[in-house]
Amino acid sequence: LLTRAMARRLPNILITGTPGTGKTTMSAMLAEKTQFRNVNVGDLVKQHSLHSGRDDEFDCFVLDEDKVVDEMDELMSSPDGGVIVDFHTCDFFPERWFDLVVVLRSDNTTLYDRLVGRGYSEKKVQENVECEIMQVVLEEAQSSYEPEIVQELSSVTIEDMESNVARVMAWAEHWITNNQH
Ligand code: ADP
Ligand code: MN
């Protein structure tokens with residue numbers, strides 16, 4: 001783990017969580033404050049058609065995971081590091097890409113309101129709220145990465161968002177100090 005980490009100048013950070021938990025908002029805030037590069041995987045998938053069409057039943061793109069990994073690998077393997085990745089699933093990324101995995105969490109009613117506000121169908125709202133209740137993304141992160149690098153953070157209020165950003169920045173500074181040689 002240490003050998004892998006020391007190969008990068010700056011840490012790579014994954015921000016994951018159920019849709020609506022605040023990944024994109026947090027990634028943007030963090031990127032602005034750290035000058036790290038921000039990669040929204042959903043946008044990348046659309047831009048480069050890294051999918052095999054749309055799933056009408058689930059109203060989403062069918063992700064082509066191999067294409068996503070191929071598209072991102074050069075950037076994620078760079079000795080520069082300093083990339084913030086924003087995506088709602090995390091089990092198909094190579095483990096070696098990340099030094100920190102943040103899992104954002106929200107309560108059901110908060111998430112419900114955010115997803116309705118986003119114009120999601122009732123079905124899609126229900127699915128995502130259920131996914132959050134079942135801790136699907138947290139368990140996926142815990143089974144895909146070393147437990148020491150997985151951080152579950154509550155993202156309900158603006159204060160949560162600010163303290164989460166501050167916390168990750170402090171963690172990144174600590175990481176940089178410990179990985180200088
Ligand atoms: P995601 O990228 O995980 O789908 P977004 O960052 O797009 O989530 O956030 C969804 C909505 O919820 C946005 O309107 C955002 O402003 C709001 N939001 C997210 N996190 C918080 C938070 N901690 N406090 C208040 N509002 C939040
Ligand atoms: Mn988003």
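Not measured: the values here are computed from a predicted model. Residues take their numbers from the sequence shown, with the count starting at 1. Ligands are counted one by one from 1 in listed order, and the atoms in each one are counted from 1 as well.
The existence of a salt bridge linking Arg105 and Asp160 is excluded, since no basic side-chain nitrogen approaches an acidic carboxylate oxygen closer than 4.0 Å. One finds a salt bridge joining Asp99 and Arg8 here, because a Lys/Arg side-chain nitrogen approaches an Asp/Glu carboxylate oxygen to under 4.0 Å.
In this structure, OG1 on Thr18 lies 9.0 Å from CG on Leu115, to the nearest 0.5 angstrom.
In this structure, Leu104 and Glu132 approach most closely via the heavy-atom pair O-OE2, 4.3 Å.
Near ligand 1, residues Thr18, Pro19, Gly20, Thr21, Gly22, Lys23, Thr24, Thr25, Arg114, Arg118, Ser155, Val156, Thr157, Ile158, Met161 come within 4.0 angstrom through at least one heavy atom.
Looking only at distances, a side-chain donor or acceptor of Asn178 sits under 3.5 Å from a matching main-chain atom of His174. Remark: the backbone N or O of Ser106 is not paired with any side-chain donor or acceptor of Thr110 at under 3.5 angstrom. Between the Asn12 side chain and the Trp97 main chain, a donor and an acceptor come within less than 3.5 Å of each other.
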Does the side chain to side chain donor-acceptor pair (under 3.5 Å) test come out yes or no for Glu130 and Gln126, once each step is laid out?
-> CA-CA 6 Å; Glu130 233 164 81; Gln126 288 300 345; over 6 Å; no

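Within a 6.0 Å sphere centred on CD of Glu32, heavy atoms belonging to other residues, nucleotides or ligands number 12 at most.
Protein atoms that are N, O or S and lie under 2.8 Å from the Mn ion (ligand 2) are these: Thr24 OG1.
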